[in-house]
Amino acid sequence: MQQSNAYIITFSVILTVVLGLLLSGTSQVLGPLQKEAEALDKKKQILGAVISGDEIAAMSPEEINSFYTSRIASVVVDINGEEVSEKDGAAVSAETVDIEKNYKLPAEDRLYPVFIFHAEGNDSDIESYIFPVFGAGLWDAISGYLALDTDMNTIGGITLSHVGETPGLGARITEPGVQARYQGKEIFNDSGELVSVAMQKGEGKDYSDNPHMVDGMSGATITANGVNAMLENYLGAYKPFIESKKSSNAVAAAY
Amino acid sequence: MSAETAEKVLDKKPAEALLSKRRKKLISDPLVDDNPITIQVLGICSALAVTTQMKPTLVMAISVVFVIVMANLTISLLRNTIPTRVRIIVQLAVVATLVTLVNEVLKAFAYDMYKELSVFVGLIITNCIVMGRLEAFALGNKPYDSILDGFGSALGYSWIILAVAFFRELLGSGAVFGIPIYDYVSGLFGEDFQLATNGLMVSPVGAFIILGLIIWVQRTKTGYVEH
């Protein structure tokens, strides 16, 4: 059966409109639920940098929300490590800062949220600082949360996530086993310079005596390089904040 | 094709039983004798990629069942109106819409699964099984038969990926559906008895091996030879 061009075009237009309406309708209906799921996932990732994945998996969404509220405080700082409370006339809060959008701005214009993990109900009894990081992997964006202990040097934990890395290779950065390799590593060297932590090429070597190197992921060196660049980049940007906390914490410790 | 179906409507036979022998065959054929993965060798990519654990594999299987059945139904309903010259792109549009729906639903109700599977759910669009069934069956058959055919093919796909996932998770992580079977076994026999997991099974290579073994066993039993 041979149809006229007019028929084909009409058919295509109707099909496109119907399918388009269907999709935008679904997106409208499910949108709020998706936003909620995303916000919860963000909280899980932030908490993942300081408590174990098993603990988080055992919590219900309500428990995560209340745990987050009682244990996490936050500030937003600029590239000089100074606290920012509003930008362009609008109040800013760490929870609403979009890291990805800020990543596209020049480094000195970005907002840098810091999440502070503290003892329950007492936000001056700080246990660690959590810094969001963002960068490029092999195929798409990668991001994460890095927790520093109060000495502002030792890594307490890290969560990494990705958009489109290869499963079994680059996507392994989301595995607890890979992320655990960062625990206890240090970002400053003995003379006090920021050197960050670098994932090495190859896998299965023991780097336990080197505080700035972690074992790599076989077959995913480019993703690992992306993670390294991301950490270096953002630790550099947070450095003024980190230095300021480091000196004030050192003073506190001396008393 | 459409002329043929029109004729069938004309000579009024008594209505076919809801699950006649022919219709049962539509479902059962793709399970073993004409399995999309092991015989037609379609959809291998996702069979290798998602099958490290049972849970994501099950979600993937359900998604594929939904997409194939709904796409078959839609295309079959539209089969007499779809312009032949643009039929492939019409099929693609329908499948892509369904896949996007699945992705949106996962994102709203199972965000963890969405993060884990989103790449593969997107790839259902290019899964040859879906387009293959639309082109080979739904375009020339009535809606109900098309649903059965799609369901059969999707089940054929599902049981294979679930079987692969079962062995990969058991041998690779010592668990099934996240339940640590190996730990229980060690518990039964005491501390000294430790089962070792095989890292090869977690990598895609493990899926090749398991899939190869399944195909081998199946072809030995059915005597199927490729022409």
Side-chain angles (χ1 to χ4, degrees), chain A residues 1-45 53-54 56-57 61 139-140 161-169 171-172 174-175 177 203-204 218-219, chain B residues 1-3 6 45-46 48-53 56 74-75 78-87 89-120 122-123 168 172-173 178 199 202-207:
Chain A
M1 174 165 51
Q2 196 69 22
Q3 289 100 342
S4 66
N5 286 343
Y7 177 79
I8 294 178
I9 292 170
T10 320
F11 184 89
S12 311
V13 168
I14 294 175
L15 186 81
T16 313
V17 169
V18 170
L19 295 181
L21 283 177
L22 189 66
L23 283 181
S24 49
T26 324
S27 163
Q28 282 295 319
V29 173
L30 296 178
L33 282 167
Q34 293 175 346
K35 281 232 170 63
E36 221 169 274
E38 267 168 41
L40 183 72
D41 186 68
K42 188 177 170 185
K43 286 177 184 171
K44 277 190 195 170
Q45 285 189 38
D54 293 341
I56 295 175
W139 303 114
D140 210 324
S161 52
H162 67 97
V163 179
E165 299 306 296
T166 317
L169 299 175
R172 287 181 54 213
T174 59
E175 286 178 7
E203 185 156 13
S218 178
Chain B
M1 271 190 195
S2 46
C45 165
S46 56
L48 299 178
V50 294
T51 53
T52 42
Q53 283 166 352
T74 318
I75 294 296
L78 293 174
R79 70 187 185 282
N80 292 331
T81 58
I82 296 174
T84 6
R85 273 184 284 164
V86 293
R87 67 179 195 285
I89 200 80
V90 169
Q91 292 165 14
L92 202 58
V94 170
V95 175
T97 307
L98 289 167
V99 168
T100 314
L101 284 181
V102 169
N103 219 9
E104 293 282 305
V105 168
L106 279 183
K107 190 176 176 186
F109 296 106
Y111 196 80
D112 291 339
M113 276 295 149
Y114 162 78
K115 280 209 301 185
E116 200 167 337
L117 281 179
S118 63
V119 183
F120 304 114
L123 282 177
R168 284 183 75 187
S173 321
V202 183
S203 76
V205 181

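No experiment lies behind these values; they were computed from the predicted model shown. Proteins get letters first, then strands, A, B, ... in listed order; numbering begins at 1 in each.
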- Query: How long is the span from the CG atom in A:L15 to the CD1 atom in B:I82, to the nearest 0.5 Å?
  - Reply: 8.0 Å
- Item | Contact origin within A:K44 toward chain B - heavy atom pairs under 4.5 Å | side chain
- Task: Side chain from CB out, backbone as N, CA, C, O: work out which of these in A:E36 comes under 4.5 Å of a heavy atom of chain B, or both, or neither.
- Result: neither
- Under 4.5 Å heavy-atom distance to chain B, tell me which part of A:T16 shows up: side chain, backbone, both or neither. neither
- Value for CG (B:L101) from CG (A:L30), rounded to nearest 0.5 Å, stands at 9.0 Å
- So CG of A:L19 and OG1 of B:T97: to nearest 0.5 Å the spacing works out to 3.5 Å
- Task: I would like to know whether A:L33 and B:Y111 meet side chain to side chain contact (heavy atoms under 4.5 Å, CB included); could you show each step before the answer?
- Result: CA-CA 10 Å; A:L33 282 167; B:Y111 196 80; over 6 Å; no
- Check each atom of B:V86 against the heavy atoms of chain A and say whether the ones under 4.5 Å are side chain, backbone, both or neither. side chain
- Message: Surrounding CD1 of B:I89 (heavy atoms of other residues, nucleotides or ligands, distance under 6.0 Å), is the total greater than 12?
- Response: no
- Cut-off 4.5 Å, heavy atoms of chain A, and the answer for B:F109 is side chain
- To the nearest 0.5 Å, atom OG1 of B:T100 lies from atom CG of A:L22 at 9.5 Å
- Closest-packed option against chain B by number of heavy-atom pairs under 4.5 Å, given A:D41, A:V29, A:V18: A:D41
- Closest heavy-atom pair and its distance - A:A37, B:A108: CB-O, 4.3 Å
